[in-house]
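Right, one structure below, let's go through it.
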Amino acid sequence: MKPKVYIDGKDGTTGLQIYDRLSVRSDIDLLLIDEEKRKDPTERKKLMDAADIVFLCLPDAAAVEAVGLIESPTTRVIDASTAHRTDPDWDYGFPELSAERRAAIQNSKRVANPGCHATGFISVVYPLVAMGLLPRDACLSAFSLTGYSGGGKKMIAQYEAPDKDAALLAPCPYGMGQSHKHLPEMRKICGLDNKPVFTPIVDDYYKGMATTVPFHMSQMQGVSTLAEVRQKLADYYAGAALVHVADDTDTAKLYANAQAGKDTLVLYVAGNDEQFTITALFDNLGKGASGAAVQNMNLMLGFDETTGLNL
């Protein structure tokens, strides 16, 4: 019998992208709610209890409420909201970080899908800390450029309006108060003692993300050259289907939308033996959201993790 899957919040940006990836698959049974009842808690509860996997594509408070509706002990949940990303009772859905994390996701009943900006930062910093190259008490900064689709339907409408404000033509740093919602997971998952100084930036293109973390080699331990850093990262992600490290010929310039439409993430190490940056290029709606959610579903259901993804 094919596993049953339900998307709670299918009409949002992330939900629609998950639906697009799943609606063409023949190895699952996608449960659909009557449009007139999509906000009816009784109907939603019935479908969630009938499903093997439920995707929550909802605001934080609504996601917490939705989890509370589920009574079936066999229903497994992937939450795309921020609500459970630092909850110790939930598994963080970034399988490439370690074999232990991958196994936890495969066996989990509750998986928190990573945030988009957090995905970029964690893909860079987590392995450096895990390998002992970067001390946990390092003081880090990062900036992350995203397309406007990351802001959801309201922001998409603002950027695509025919009479949009001229200010929207330029890059816009935001979250300037250092309280961005992804900061807690960035720090917790990487095991950092200090919060990074983080600057997210939205710009006038639809999708694609470039998250950059700058370093001084003096911050590092056990490596002294750029080539060593790149090789260590490449070794760490060796065999990963969706994350890989670019070689040193690819770093002259980077475009934030280079991975748009793909569910993969590419790391670029650039600079010199004294100062360097590591940039994660990926799609904020792919590996940064819906693609990662489908990857986690595949692992939880025992499918090949890349099934239905755009490579």
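Just so you know, residue 1 is the first one in the sequence shown, and it goes up from there. Nothing here was measured: the structure is a model prediction, and the numbers come from that model.
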Near Lys188 NZ, under 6.0 Å, is it more than 12 heavy atoms from other residues, nucleotides or ligands? yes
Validation row: Tyr159, Val202 side chains within 4.5 angstrom (heavy atoms): yes
Would a hydrophobic clustering, with Ile, Leu, Val, Met, Phe, Trp and Tyr connected at side-chain separations under 4.5 Å, put Val129 with Ile189? yes
How about Tyr255: does its OH atom have over 12 heavy atoms from other parts shown lying under 6.0 Å from it? no
Check whether any side-chain heavy atom of Thr119 sits under 4.5 Å from a side-chain heavy atom of Phe94, and report yes or no. yes
Which class fits the ring pair Phe198 and His117: parallel under 30°, tilted 30 to 60°, perpendicular over 60°? perpendicular
Asp283 side chain to Gly261 main-chain N or O, any donor-acceptor pair under 3.5 Å? yes
Tell me whether Lys164 is salt-bridged to Asp204, with the criterion being a basic N under 4.0 Å from an acidic carboxylate O. yes
Group every Ile, Leu, Val, Met, Phe, Trp and Tyr by side-chain heavy-atom contacts under 4.5 Å, then state whether Met300 and Leu56 land in the same group. no
Please lay out, stage by stage, how Asp89 and Arg110 fare under the test salt bridge (charged side-chain N to carboxylate O under 4.0 Å, His left out). CA-CA 8 Å; Asp89 294 328; Arg110 299 289 184 265; over 6 Å; no
Please check if the side chain of Arg136 supplies one atom and the backbone of Gly191 the other of a donor-acceptor pair under 3.5 Å. yes
Pro114 backbone acceptor or donor facing Glu185 side chain under 3.5 Å: no
Return yes if a side-chain donor-acceptor contact under 3.5 Å exists between Ser72 and Asp49, otherwise no. no
May I ask you to test the Asp203-Thr146 pair for a side-chain heavy-atom distance under 4.5 Å? no
From Leu183 CG over to Gln178 CD, what is the distance, rounded to the nearest 0.5 angstrom? 6.5 Å
Is the shortest heavy-atom distance from the side chain of Pro196 to the side chain of Met186 under 4.5 Å? yes
Can a donor-acceptor pair be found, under 3.5 Å and without considering hydrogens, that links the side chain of Thr75 to the backbone of Ala51? yes
Other residues, nucleotides and ligands only: do more than 12 of their heavy atoms fall within 6.0 Å of NZ on Lys45? yes
At what distance, to the nearest 0.5 angstrom, does CD1 of Ile33 lie from CE of Met48? 8.5 Å
Do you see a donor-acceptor pair shorter than 3.5 Å between the side chains of Gln295 and Thr306? no
The reported gap from CG in Asp29 to CG in Leu31 (rounded to nearest 0.5 angstrom) is 5.5 Å
Can you tell me how far the NZ atom of Lys207 sits from the SG atom of Cys116, to the nearest 0.5 Å? 13.5 Å
Distance-only side-chain donor-acceptor flag, Asn296 / Asn113, under 3.5 Å: yes
Just by distance, no angles: are the side chains of Glu96 and Tyr237 close enough, under 3.5 Å, to form a donor-acceptor pair? no
Do Leu281 and Leu265 make a side-chain contact, defined as non-hydrogen atoms from C-beta onward lying under 4.5 Å apart? no
For the side-chain hydrogen bond (donor to acceptor under 3.5 Å, both in side chains) test, which of Lys287, Arg21, Gln17 pairs with Asp263? Arg21
May I ask you to check whether Tyr206 and Glu160 show a side-chain donor-acceptor distance below 3.5 Å? no
What is the distance from atom NE2 of His180 to atom OG1 of Thr82, rounded to the nearest 0.5 Å? 8.5 Å
Any sub-3.5 Å donor-acceptor pair from Asn257's side-chain atoms to Ala260's backbone N or O? no
Flag the pair Asp34 / Glu43 as yes when at least one side-chain heavy-atom distance between them is below 4.5 Å, and no otherwise. no
Any non-hydrogen side-chain atom of Val111 less than 4.5 Å from a side-chain atom of His84? no
Leu128 vs Met220 side-chain heavy atoms within contact, under 4.5 Å: yes
So does Tyr19 get a backbone contact from the side chain of Ser23, meaning a donor-acceptor N/O pair under 3.5 Å? yes
Look up atom CD in Gln219 and atom CG in Leu133, then write down how far apart they are to the nearest 0.5 Å. 12.5 Å
In this structure, which one of Ile53, Val5, Asp27 forms a side chain to side chain contact (heavy atoms under 4.5 Å, CB included) with Leu22? Val5
With no hydrogens and no angle check, is any side-chain donor or acceptor of Arg76 less than 3.5 Å from a backbone partner on Met297? no
